[in-house]
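Note that the structure is a prediction, hence the values are computed from the model and not measured. The chains referred to below are lettered A, B, ... by the order of the sequence lines, with proteins before strands, and numbering in each begins at 1.
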There are 2 protein chains.
Amino acid sequence: MVTIADVARHAGVSSSTVSYVLSGKRAISEETRNRVQISVRELGYHPNAGARALAARRSHIVALMVPLRTDVYVPVMMEIAISVTMAARQHGYDVLLITNDEGPDGVKRIAASGLADGVILMDVEMDDERIPVLQAQRTEAALIGLPQDTSGLSCVDHDFAAAGALCADHLADLGHREIAFIGYGSGVYHRHAGYAERTLTGFRERAEQRGLRFLHRSCEGTYESTAGTLARILADRPDTTGFVVQNEGAVGPLLTLLRTSGRTVPEDVSVIALCQDQLAEQFAPRLTAVTGSAQELGRVAVEQIMRRLTAAAAGDRPVDDRVLLTPVLTIRDSTGPAPRQQS
Amino acid sequence: MVTIADVARHAGVSSSTVSYVLSGKRAISEETRNRVQISVRELGYHPNAGARALAARRSHIVALMVPLRTDVYVPVMMEIAISVTMAARQHGYDVLLITNDEGPDGVKRIAASGLADGVILMDVEMDDERIPVLQAQRTEAALIGLPQDTSGLSCVDHDFAAAGALCADHLADLGHREIAFIGYGSGVYHRHAGYAERTLTGFRERAEQRGLRFLHRSCEGTYESTAGTLARILADRPDTTGFVVQNEGAVGPLLTLLRTSGRTVPEDVSVIALCQDQLAEQFAPRLTAVTGSAQELGRVAVEQIMRRLTAAAAGDRPVDDRVLLTPVLTIRDSTGPAPRQQS
DNA sequence: TGTCACCGTCGAAACGCTTCGCTGCTAGCT
DNA sequence: AGCTAGCAGCGAAGCGTTTCGACGGTGACA
């Protein structure tokens with residue numbers, strides 16, 4: 001193993017000088033700096049992470065706590081995890097993966113042991129029990145998702161309300177008047193998952209403004225469940241011509257079922273999805289969809305936590321920071337003008 | 001911050017005693033041990049990770065290198081990442097997430113800095129350039145996937161050849177004679193991804209033994225691509241009655257296309273998928289599928305690396321270890337007896 | 001020409017933990 | 001009785017960094 005002392009000897013300087021070259025925290029002459037950098041490269045020196053963390057009281061690690069629940073579309077989680085990792089690397093940080101089943105104790109463990117300098121929490125609930133622990137430990141954190149009370153916290157999320165509104169607007173613009181909103185399984189609403197509620201609220205408010213009649217139905221995302229949901233919708237509101245779908249699993253079945261029931265998309269009914277573009281592209285017809293970038297979510301969370309970390313180092317009080325990412329509507333082949341009224 | 005010295009003072013012992021209580025590496029009297037444990041709990045002591053790593057030359061971290069490529073079904077990657085994390089925790093280890101874009105240098109960095117005690121590599125290629133780096137750094141590793149040369153390495157993977165064979169057997173048992181194998185996009189075969197080739201080989205050999213005629217076609221997994229692939233298959237071999245699908249994205253489109261073309265599953269044609277059970281359950285009809293447990297993959301990889309770590313600590317030479325997980329066939333509603341010959 | 005400030009470098013003191021070797025004990029043998 | 005062995009606990013020496021204070025040297029300024 002090659003240590004800083006080896007580099008120092010090789011370059012003919014003291015080890016503190018090597019350290020200063022590497023950190024840039026003191027002025028070092030051009031010449032010395034070059035000599036040191038060459039030695040570093042030649043010896044293949046990488047500072048020992050443990051020693052560094054101990055001396056600097058900084059581990060250069062952020063923890064990312066991922067949910068085990070799978071009602072959130074899994075590829076999105078992965079995309080966030082990866083974008084967090086890559087963004088963190090850009091700041092010289094690594095990412096520690098921890099699972100939600102460790103709960104608040106996990107946060108405590110990581111923070112108290114100094115394993116990570118900060119924590120990014122995914123799938124934050126309205127009243128998340130990990131937040132008080134975080135604050136008690138004086139650990140920097142960034143939340144992906146919005147809790148009830150965001151004071152003193154950094155949060156980032158999609159603007160689900162805007163996404164819901166966008167759906168309502170698009171369908172209203174096309175002349176649809178009778179809309180069905182196919183949402184997540186009822187469990188998601190029962191635990192008051194913020195994203196589900198905010199989407200629905202955003203949709204509802206805009207729908208009312210635009211004079212749409214609408215129906216919200218939860219759906220587990222399996223074929224059978226979708227079939228049942230669709231049947232009920234068509235029984236209650238046979239004139240429905242627009243569908244908004246927020247459950248990734250229900251999209252495929254819905255399209256199949258509509259076709260089987262003799263309805264053509266988009267001539268007879270329009271379907272707009274709240275899902276990733278990649279998924280929307282996979283169906284036939286390609287789906288009009290409202291999306292937000294999962295990558296961006298991860299990147300912003302990392303920026304937030306880095307800002308808090310540097311603020312904390314400077315002794316500043318970090319300000320609240322609440323970012324909502326604007327969703328984008330991409331019009332594809334699954335939405336079209338409402339058919340002429342026949343009833 | 002509470003240190004080991006605080007605990008020692010609180011319990012009225014020396015800090016080395018506290019350390020021995022915690023590590024169990026020396027005998028400590030029942031009474032002292034209790035006193036120390038109580039102090040630990042009361043003070044909420046968590047050993048400082050950096051100091052521990054420095055002194056013990058063990059970080060208690062394993063790195064997990066995930067691929068950025070998304071031609072592998074993403075939820076499976078996530079499932080592996082999570083099972084690795086949970087299994088590692090059971091051994092007192094945490095997991096550091098690193099992305100494949102760091103490449104061999106990333107492995108070098110992690111190993112040389114002592115950030116992680118071992119590395120788990122996902123999506124290992126036949127001739128992976130990270131492997132020599134690993135060996136040069138004398139870092140313990142476990143591979144998920146099989147490289148060309150496995151000597152001196154620990155690897156685990158699904159037995160894709162057996163999975164392919166299982167598909168051939170099942171269809172042969174049902175009396176099908178003309179089979180089409182719909183695989184991954186051509187890029188996957190061009191880079192000689194082990195899993196794709198092994199599945200195909202396993203399928204081919206068994207198919208030949210059982211006297212099946214078959215066709216292999218690659219497919220990108222989009223709707224259009226699947227449509228094109230299916231059209232070509234039916235043009236070349238109109239009597240095809242069995243489909244094996246290894247591309248998650250192609251499953252939905254295939255079912256839709258078969259229906260549109262007037263073929264009923266499973267009366268007219270049988271479809272067997274190589275995909276997760278969860279996915280297989282989502283379609284109508286529910287798919288007969290051959291699966292391996294992604295969770296198990298992660299768990300085994302962690303066991304392997306832990307074994308290597310303890311062996312290395314004891315100064316033993318770790319033996320090669322090559323585990324192939326047996327796939328399971330679950331018969332559902334998409335396969336049935338071959339229709340009577342009509343031609 | 002003396003004083004001051006700054007620059008570039010060095011030495012040494014932490015940082016919090018593990019672990020080796022030592023010291024009194026008590027107990028079990030010869 | 002004398003010796004060894006093992007138990008329980010302590011003290012101190014690292015582990016490899018970072019960072020603070022100090023120290024010559026140099027140039028600017030009075």
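- Protein atom CG of A:L43 is 15 Å distant from nucleotide atom P of D:dG16, rounded to whole Å.
- Atom CZ of A:R9 is separated from atom P of C:dC10 by 14 Å (rounded to the nearest Å).
- Between the side chains of A:S16 and A:S19, not a single donor N or O lies within less than 3.5 Å of an accepting N or O.
- Using a 4.0 Å cut-off between charged side-chain N and carboxylate O, B:R9 and B:D6 make a salt bridge.
- Summarising the geometry, the separation between CD on B:E30 and C1' on D:dG9 is reported as 16 Å, rounded to the nearest angstrom.
- Residue B:S14 is the one, among B:S14 and B:R57, whose nearest nucleotide of DNA chain D lies closer to the 5' end (criterion: closest heavy atom).
- Legend: residues meeting salt bridge (charged side-chain N to carboxylate O under 4.0 Å, His left out) with A:R109, ordered by chain and number and at least two apart, are A:E102, B:D94.
- Between the P atom of D:dA8 and the CG atom of B:N34 lies a distance of 13 Å, rounded to the nearest Å.
- Rounded to whole Å, the distance from CG on B:L54 to P on C:dA14 is 17 Å.
- Atom CG in B:D6 sits roughly 12 Å away from atom P in C:dC15 (whole-Å rounding).
- We find the CD-CG distance between B:E125 and B:L146 to be 13.5 Å, quoted to the nearest 0.5 Å.
- Distance from the side chain of B:T32 is smallest to D:dA8 among C:dC15, D:dA8, C:dT9.
- Within 6.0 Å of the CG atom in B:D127, the count of heavy atoms belonging to other residues, nucleotides or ligands does not exceed 12.
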Can you tabulate the close N/O pairs, meaning under 3.5 Å, that link protein atoms to atoms of nucleotides 17-21 of chain D?
unit_1: D:dT17; atom_1: OP1; unit_2: A:Y45; atom_2: OH; d: 2.9
unit_1: D:dT17; atom_1: OP1; unit_2: A:N48; atom_2: N; d: 3.2
unit_1: D:dT17; atom_1: OP2; unit_2: A:I4; atom_2: N; d: 2.6
unit_1: D:dT17; atom_1: O5'; unit_2: A:Y45; atom_2: OH; d: 3.1
unit_1: D:dT18; atom_1: OP2; unit_2: A:S19; atom_2: OG; d: 2.7
unit_1: D:dT19; atom_1: OP2; unit_2: A:K25; atom_2: NZ; d: 3.0
unit_1: D:dC20; atom_1: N4; unit_2: A:Y20; atom_2: OH; d: 2.7
unit_1: D:dG21; atom_1: N7; unit_2: A:R26; atom_2: NH2; d: 3.3
unit_1: D:dG21; atom_1: O6; unit_2: A:R26; atom_2: NH1; d: 2.4
unit_1: D:dG21; atom_1: O6; unit_2: A:R26; atom_2: NH2; d: 3.2

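- Between the CD1 atom of A:I4 and the CG atom of A:L22 there is a distance of 6.5 Å, given to the nearest 0.5 Å.
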